[in-house]
Amino acid sequence: MNPFKPLIEPMLTAFPGLEAGDISFTTPPKLDLGDVAIPMFIPGRKLSKAPQVLAAEAAQQTIFGKQVRSAAAAGPYLNLKLDRAFFAKTIVEAILQEGDAFGSNHTGLGKRALIEHTSINPNASPHVGRARCAMIGDSISRLFRFEDYHVEVHYYVNDMGRQIGLLVLIADELEGMTFDQVLDAYVRANARAEQDPEFAAQGYELLAKMEEGDPDAQKKFGAVVDLCLQGQLAVLARIGAHYDVFDHESKYVKDPRLDHVLEALREKEAVFVDEEQRLVVDLAKLGHAQEEGRYFVLMRANGSSMYGYRDLAYTMDKEAIHADINLIALGEDHKLYFQQLAMILEAAGHKVPEPIYYSYILLKDGKMSTRQGNVVLLTDFLDEAIRRAAERVAEQCNDLTPEEQRVIAERVAIAAVRFAVLRVGSNKNVSFDMDAALSFEGDTGPYIQYSCARINSILRKYGQPLPMAPRQNFPIETDAEWALLTKLAAFPDVVSGALRQRTCAPIAVYVLEVSRSFTSFYHDCPVLTAGRPELVESRLLTCQAALQTLKNALYLLGIEVPERM
RNA sequence: GCGCCUGUAGCUCAGGUGGAUAGAGCAUCGGCCUUCUAAGCCGGUGGCCGCUGGUUCGAGUCCAGCCAGGCGCGCCA
């Protein structure tokens, strides 16, 4: 939606050399300069005129009609003061009409999008670093769904490998291991393998059996993996992450398609057996420029396959779905690995997924490592968040039942966590600070929810159904109303920008701006006690439009809108 | 050592495709609850945008070099 479309035509009439695409709109730094600004850089280049000169000419020569009160040049900008009521009405009308779809540009109609994310090793309860991947991946899948893509979320279950083998050994000794004991068992298994070569060898042995299809080994692996996976999914569900398809790594051990990849590599003389009898790819033959990361091992000397070998098959499997968009969210530590994988598959004529990398959440004393047990578990983090939120809710909503309070506290906590993670760019390391992450004041998820609760409160108190569309007269009396509505109108552009950049961070920034803008409106503009019925109505509809926009944007972030808080 | 990512206010972060006086929150200082929720609002203090050069009418944004942090670099996944 571009509410300022009616301003384009008069410009084109005044300057025949221009096309509609040359005219763009921005908000002036201060509203007393104008309600909307048209930058003259691009039109100036097109007409070979200095933007300052063109702006001055445009202010003189363009005949805008009665929707424009005044036009003034300010340097390279043409600032317009508008008949605000006219444009405000267009904006509110569009938002209410589009409802839950407002903001979507519907670019995914009839298209498929596949995204793989999270795919944690089944060895322990997820820590907040892994949860970052889940939240980023989940939000991107929501973004594509919102754009009308048919979205399929895949989860790769790493049910093979030495690590799991060691865990199976420990589980055997433990008997009746529960999910809560897994992390501890996993840490112990790794520590023991480092000190006890025999134990480590047993792990490899078990792994080899598993790969050969030994039924007993498969049963043991299956039991441990399933215990972990179900436990992990339950925790991930708490933050709203869900998956459509689970692909098990063990399915890709002896995939016939790998022969054809090997064949392609042989043709390029890029694969060889090294002096230790491993099957290795020489990526230099495929165009890899550096010595570092030149070799990629496919199989061990004993003939068992490496993770990457199976991943080749899995990646081809996803390619076979022929999705229009094929994404994978990966930790930055997988960057080189994925480039190597891509190089091999491309050499064999395959298309590879588009990676989305995220950096780590660091603790004060360094990186989180499941293997070392140096972690903040998502589940503990959420419990603490809920505990803090519950304290606040108990003060503020003491007229509600404990059950109602519990639901609110949970939503507030999840909003705090998801927002804190999603608002920062995914290629940035974040240092984890419990207190900062769980603050409910300022630029936070709960702040946004709070503004929604206030809107809901106004609508509840009004107590009657709102008209579906603004009436003829839509008075705008303050800058606050105008600023809010133009901010709302920007949502579709924010969505398309986020989609293009494959990140929901701009949505988080936007939702904060809308909330701030609404709260200023809330303080400046009484709604129910505005006086004139038409003003009450226009402001009610403004509230409704703001709520609809916030709701749609918060859906993308996986944050729920509370009725009150 | 080589490659990729990051460096913006005391702290945590925004700042597509170069454009108006570099923006928020926290912290700090000062105002605002007989009026729709103070998890709030309004205002003040606080910036060699890591450093040095270059391109440009114009650089936080583009290029080069350097400095600092993160990640990675052959039988982990």
Side-chain angles (χ1 to χ4, degrees), chain A residues 26 28-30 33 37 39-41 50-52 74-77 79 119-121 123 158 160-164 190 204 249 274 276-281 289-302 304 306-308 310-311 331-337 339-340 357 359-360 362 367 371 389 392-393 395-397 412 420 423-425 427-431 433 435-437 439-444 446-451 453-462 497-498 500-501 505-506 508-509 512-513 516 519-520 522-530 539 543 564-565:
Chain A
T26 62
K30 287 223 167 86
L33 286 171
M40 287 298 166
F41 303 104
Q52 295 83 343
Y77 293 90
N79 290 330
S119 303
I120 312 171
N121 290 339
N123 54 25
N158 306 129
M160 303 241 348
R162 196 181 78 104
Q163 312 291 327
I164 309 302
N190 278 290
Y204 278 119
E249 186 180 347
D274 74 359
E276 290 168 62
Q277 301 304 306
R278 296 173 294 195
L279 185 66
V280 181
V281 181
Q290 286 85 35
E291 190 58 28
E292 297 72 31
R294 174 176 171 179
Y295 298 105
F296 189 87
V297 177
L298 294 176
M299 283 202 222
R300 299 185 179 93
N302 69 1
S304 66
M306 296 280 289
Y307 175 81
R310 292 163 241 143
D311 203 6
E332 62 173 347
D333 54 335
H334 282 58
K335 220 166 193 172
L336 175 62
Y337 163 78
Q339 283 162 2
Q340 293 171 325
Y357 296 109
S359 297
Y360 280 113
L362 304 172
K367 186 179 157 182
R371 214 175 287 185
R392 198 62 181 272
V393 173
E395 291 169 23
Q396 200 119 350
C397 306
V412 167
R423 66 177 294 222
V424 319
N427 54 354
K428 242 175 180 150
N429 280 123
V430 286
S431 49
D433 179 342
D435 291 320
S439 156
F440 301 148
E441 270 146 42
D443 286 356
T444 63
Y447 169 74
I448 295 155
Q449 289 180 313
Y450 187 63
S451 51
R454 285 171 142 183
I455 300 175
N456 275 325
S457 173
I458 292 174
L459 298 177
R460 197 167 48 238
K461 288 199 166 135
Y462 180 64
R500 198 170 45 245
Q501 297 173 58
V509 173
L512 265 181
E513 289 171 354
R516 269 200 289 266
T519 331
S520 297
Y522 180 86
H523 281 271
D524 288 1
C525 306
V527 177
L528 300 175
T529 55
R539 287 181 177 174
C543 286
R564 41 169 297 187
M565 64 185 272

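Naming convention: chains lettered A, B, ... in sequence-line order (proteins, then strands); numbering from 1 in each chain. No hydrogens, no waters, no symmetry mates; every other heavy atom, side chains included, goes into these values.
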What's A:Val281 touching, base or sugar-phosphate or nothing? Going by heavy atoms closer than 4.0 Å.
nothing
NA contact type, A:Ala453, heavy-atom cut-off 4.0 Å: base, sugar-phosphate, or nothing?
base
P atom, B:G16 versus B:C33: distance in rounded Å?
40 Å
Side chains of A:Tyr204 and A:Asn302: donor-acceptor distance under 3.5 Å anywhere?
no
Could you tell me whether A:Gly331 contacts a base, only the sugar-phosphate backbone, or nothing, with contacts defined as non-hydrogen atoms closer than 4.0 Å?
nothing
What interatomic distance, in whole Å, is found between P of B:C63 and the corresponding atom of B:G18?
11 Å
A:Glu332 vs A:Lys335, test: salt bridge (charged side-chain N to carboxylate O under 4.0 Å, His left out). Steps then yes/no.
CA-CA 5 Å; A:Glu332 62 173 347; A:Lys335 220 166 193 172; over 6 Å; no
A:Tyr295 versus A:Asp274, side-chain donor and acceptor atoms under 3.5 Å
no
Could you check how far CD of A:Gln339 sits from P of B:C4, rounded to whole Å?
9 Å
At less than 4.0 Å, is any side-chain N or O atom of A:Gln396 found next to OP1 or OP2 of B:A39? Yes or no.
yes
Pairwise P distance, B:A24 and B:G46 [rounded to whole Å]
15 Å
Partner of B:A38 by Watson-Crick or G-U wobble geometry, both contacts under 3.5 Å, or none?
none
Where along nucleotides 18-36 of chain B does protein come under 4.0 Å, by heavy atom, of base (B) or sugar-phosphate alone (S), with - for untouched nucleotides?
-BB---BS----------B
P-based separation of B:G44 from B:C2 [nearest Å]
49 Å
How many whole angstroms separate atom CG of A:Asp435 from atom P of B:C11?
18 Å
Please report, rounded to the nearest Å, how far the C1' atom of B:A38 is from the CZ atom of A:Arg564.
15 Å
Taking the same atom, P, in B:G25 and in B:G40, what whole-Å distance lies between them?
10 Å
When the P atoms of B:C11 and B:C49 are compared, how many Å lie between them, rounded to an integer?
15 Å
A:Glu441 bridged to A:Arg392 by N-O distance under 4.0 Å:
yes
Need one value for A:Val430: base, sugar-phosphate or nothing, where a base atom within 4.0 Å counts as base even if backbone is also close, heavy atoms only.
sugar-phosphate
Look through every strand shown and name the nucleotide pairing with B:A59 as Watson-Crick or G-U wobble, where both distances are under 3.5 Å.
none
Taking syn as within 90° of 0 and anti otherwise, name the glycosidic form of B:C71.
anti
Distance, nearest 0.5 Å, that separates OH of A:Tyr357 from CG of A:Asn427
12.5 Å
Test your reading of the model: is there a side-chain donor-acceptor pair from A:Asn121 to the backbone of A:Asn123, 3.5 Å cut-off?
no
Touch check for A:Ser304, heavy atoms < 4.0 angstrom, all strands: base, sugar-phosphate only, or nothing?
nothing
Report yes or no: does A:Ser439 contribute a side-chain atom to a donor-acceptor pair with the main-chain N or O of A:Ala436 at less than 3.5 Å?
no
Is the side chain of A:Arg539 donor-acceptor paired with the backbone N or O of A:Pro526 at a distance under 3.5 Å, no angle test?
yes
Nearest-angstrom distance, C1' atom, B:A77 to B:U17
38 Å
For B:U6, does either OP1 or OP2 sit under 4.0 Å from a side-chain N or O belonging to A:Ser359?
no
What string of B, S and - do you get for nucleotides 62-77 of chain B, 5' to 3', if B is base contact, S is sugar-phosphate-only contact and - is no contact with any protein heavy atom under 4.0 Å?
--------BSSBBBBB
Please check if the side chain of A:Asn79 supplies one atom and the backbone of A:Ala37 the other of a donor-acceptor pair under 3.5 Å.
no
Decide whether A:Thr26 and A:Tyr77 meet the rule of one side-chain donor and one side-chain acceptor closer than 3.5 Å.
no
Between B:G15 and B:U61, how many Å separate the two P atoms, rounded to a whole number?
15 Å
Ionic contact status for A:Glu513 with A:Arg516, cut-off 4.0 Å
no
B:G16, syn or anti by chi within 90 degrees of zero:
syn
Please report, rounded to the nearest Å, how far the P atom of B:U37 is from the CZ atom of A:Arg460.
8 Å
